[in-house]
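Just so it is clear, the values below take in all heavy atoms, side chains as well, and ignore hydrogens, waters and symmetry mates. None of the values given here were measured: they were computed from a predicted structure. Just so we're on the same page: letters track the sequence lines, and every chain starts at 1.
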Amino acid sequence: MMTKWLGIKGGKTLVGKPGGDSKTAVTQDILIDNGVIVEVGEVIAFPPGAEVLDVQGCFVLPGFVDLHCHMREPGDEESETIHSASIAGANGGFCCVVAMPNTTPAIDGPDMVELIRSKSTSALIDVEVAGAISKAREGKALSEMNEMARLGVKIFTDDGCGVQDSRLMLSAMQYSLTSNSILAQHCEDSYLASGGHLHDGDVSSVLGVQGIPNEGEEAMAYRDILLAKKTGARLHLMHMSTQRVLEIVQQARDWGVDITCEVTPHHLSLTHESVKSLNPNLKVNPPLRTANDCHSLIEGLIKGQIDAIATDHAPHHPDKKDVPFEEASFGMLGLETAFSVVFTLLTQDKFPASPELIKPSSIDTIQALAIIQRAMSETPSKIAGVEKRHGGPIEPGRVANLAIIDPSRCWTVAANKLASKSRNTPFDGIELVGKVVHTIAKGKLVVSDGGSL
Amino acid sequence: MNLTSIDDLTPSLFQEIISLSDRFIEVSSRPIPKVPVLRGKTLATVFYENSTRTRLSFEAAAKRLSCDTLTFNLTTSSTSKGESLQDTIQTLDAMGIDFLVIRHPLAGVARLASGWTNASVINAGDGCDEHPTQALIDCITLIQISNQLSDYDPDCQGSDWPYLKNLHIGIVGDIVHSRVARSNVRAFTRLGAKVTLVGPPTLLPSDASSWPVDITYDLDEVISQFDVVYALRFQKERIVQSLIPSLDEYIRYWGISSDRLDAMKPHCKIMHPGPINRGVELSSQAADCEKSVILRQVNNSVPVRMAVLAALSGVYVHDD
């Protein structure tokens, strides 16, 4: 039986203003009693019988919070379940994920929210539920947002597609004010995007495969910003992929719009150049864009213009991916590689999968980890409304939700060794720098030495 | 060895196909046009799109080389029962085939299939991506007649790599949906030709900045500069998709009409990958006039495909 004491010895924590990137590393021991942090200090005399993790050289971060995770349950348990996704999440240092409502049936009412809640009790990590904006995600009629909000749902989205009907989106924003909820938009004008399979540009032109233009994403982002300005609703833009969307977000902030935004590790680190291979694992929506877009998004992340890194973890069974590119489903795995992809991208001269990307600027390990702590833990925990349990600070009285990082550990992604039930990672065979070695979630050690327990 | 894209061809393989084509044109003119080059080999044609001409041309090429042929018939096959592409290819592979000729409505399928079989995979058209054997037929047709094509010294053309230098080829029509155009842009430019793409903006690639071509919407402005006008097939589907307002308007602006014949250089040749929509992309007068080398393209289709099969199988090794 596991001892009630868990000690973490010799790790470094990043101390500084929450939500900021200016942090300093302090070596601190941590003592956890029955899942709750009880002592944090320079040198702790751990009680006899305590299980002690010696993590010298490692960093202890508040566990990651993923605002955007497709867990596929119910409806597509062949590709992922809440349980398998929770193991994948724990492996990636995530202690909380927000489950997207595009399940079958969709999470569009209180019964479905309760179903996901009950299925999540056995998950290794906390699972928050996002509700659909429209009934059955059909984009026609509002879902019972208040009923879901009463059960604790804080984010509403029709993710998988954007809300096309501008009048419905206006109503959703107005109505969201009653519960002070966040409306998260998958920005995509379906007319402009329809029939497309990858970014509309020189690669799609050479391949002869119909493209998805930037403007489909940007037009909806702009529309929603105008509606949010009009209504005062809280707007969150999901998986931003273009330079111009980020510029539009900055403009919205100047206008005083209550807006947050996220970017995925793959939109930061991969470009449409890689899609020349027509590898279906590189098919994702929004599509991988240009190096110029990546550079702008990386810069936006470093400057703090991007609030959160979210995975858009989208498992697909091999039957949906071992097919011609145009027949393949959109989506990539993300939970198990997110930290390492972002850390490698920020700290190494070249990102191994994308030689076309130019290193943004000189970022050292502590700066990179500070950005990651802010964008993968502190800020998303506030957006998801779970800041009481997640996102730090690491201090006595808080439930232990911690990701322990070895910044010097190199590892090669192997799709067939992932905990996810699916294999559709775009990073298979890529060597990454930095690894989550231990994860403590819901107060328990769930991943140790890089493997789930 | 596979031929999924013109980019698969090394310069030596490209030249080998060109020189073998000459040899097989001679073979095809014999009373008994058959040689034992590929005896004991098996070629399977797997067509996920209807194209009787291309399929028959490959099967005729194989038979003239004494290669056995298998025809995978989609309507009676297990595909209509839901078999996946991968399972189909692997089943054929298990039967022991040497060549897999595949056509599919989606881009990249030939390359994908090459990962599932040891046979030489030949792309007979994959979506809007490539149709490399059509491009080879077109290149070899142009090489044969290149001495008629230019105002320049005929000795500078057709005799040596790059065979099509100094030629200006205009490809006209629905470029964005054309695998023939994509393969021909690659092939013509590798052989030294200058290529200009002409078509309505809705039927041109959205970003051709990486293509070594010029692009224009105005056919009348450039038609007098071309040594070759390559007309592409226009599909009426483009009107339904609102990419073109009407057939009449398309013909008026981008069809090769009799008036435009008069505007061409005297020696300018007209090409088309077939089948022709008479009165649409080509007027009947344009298709049948002395400028047209469309029948020559058709005549070359079997010998060139024989050359492709022989070259990919490695039975001929170039000496130099």
Side-chain angles (χ1 to χ4, degrees), chain A residues 78 191-218 242 271-283 287-293 316-330 356 423-424 428-429, chain B residues 4-7 48 82-90 102-116 123 125-131 174-186 189 197 202-213 215 232 237 241-243:
Chain A
E78 283 295 304
Y191 286 103
L192 280 171
S194 94
H197 300 276
L198 74 159
H199 173 62
D200 183 50
D202 61 333
V203 175
S204 67
S205 294
V206 166
L207 289 170
V209 178
Q210 190 169 331
I212 301 172
N214 282 358
E215 290 74 15
E217 182 173 344
E218 292 152 357
T242 82
T271 78
H272 68 151
E273 294 293 323
S274 66
V275 188
K276 279 181 182 160
S277 66
L278 285 177
N279 173 357
N281 289 333
L282 296 165
K283 183 172 176 179
L288 302 177
R289 305 282 189 188
T290 66
N292 194 34
D293 290 309
H316 286 292
H317 191 269
D319 289 351
K320 301 278 177 61
K321 284 291 193 181
D322 291 347
V323 294
F325 190 84
E326 290 165 72
E327 281 178 355
S329 297
F330 288 99
E356 64 274 25
R423 296 286 167 261
N424 54 309
D428 191 27
Chain B
T4 61
S5 161
I6 288 292
D7 293 342
Y48 287 85
E83 183 175 62
S84 76
L85 178 69
Q86 183 175 4
D87 288 340
T88 301
I89 303 298
Q90 286 175 339
I102 186 163
R103 169 168 290 195
H104 198 282
L106 301 179
V109 163
R111 199 175 351 156
L112 191 63
S114 69
W116 296 325
N123 184 359
D126 61 331
C128 304
D129 180 23
E130 284 225 41
H131 191 1
D174 185 359
I175 310 287
V176 72
H177 297 101
S178 175
R179 51 193 169 214
V180 172
R182 281 189 182 75
S183 282
N184 267 331
V185 165
R186 289 180 167 96
T189 54
L197 305 178
T202 47
L203 298 180
L204 287 167
S206 66
D207 180 358
S209 54
S210 64
W211 300 25
V213 298
I215 294 185
L232 296 169
E237 195 188 336
Q241 294 167 333
S242 277
L243 296 171

If one checks every heavy atom of A/Val203 against chain B at 4.5 Å, the contacting part turns out to be neither
Cut-off 4.5 Å, heavy atoms of chain B, and the answer for A/Val209 is side chain
Checked A/Asp319, A/Val206, A/Leu278 vs chain B; the most non-hydrogen pairs under 4.5 Å come from A/Val206
| request: Determine whether the side chains of A/Thr271 and A/Glu356 contain a donor N or O and an acceptor N or O closer than 3.5 Å. | output: yes
| Got a donor-acceptor contact below 3.5 angstrom from the B/Thr189 side chain to the B/Arg186 backbone? | yes
Scanning both residues in full, the closest heavy-atom pair of B/Pro205 with B/Ile175 reads CD-CG2, 3.9 Å
Greatest number of non-hydrogen atom pairs under 4.5 angstrom with chain A, of B/Gly108, B/Ala113, B/Ser210, falls to B/Ser210
Turns out that what part of B/Leu106 lies under 4.5 Å from chain A's heavy atoms comes down to both
Residues at least two apart in sequence or cross-chain that pass side-chain contact (heavy atoms from CB on, under 4.5 Å) with B/Ser209, listed by chain then number, are A/Asp202, B/Asp207
Bottom line for B/Arg111: the part with an atom under 4.5 Å from chain A's heavy atoms is side chain
Paired with A/Leu198, the side-chain contact (heavy atoms from CB on, under 4.5 Å) test is passed by just one of A/Ile212, A/Leu282, A/Leu207, A/Leu288, namely A/Leu207
Highest number of heavy-atom pairs under 4.5 Å with chain B among A/Gly208, A/Ser205, A/Ser204 belongs to A/Ser205
Whatever's closer than 4.5 Å to a heavy atom in chain B on A/Glu327 counts as both
Side-chain donor-acceptor contact under 3.5 Å, B/Ser206 with A/Asp200 | yes
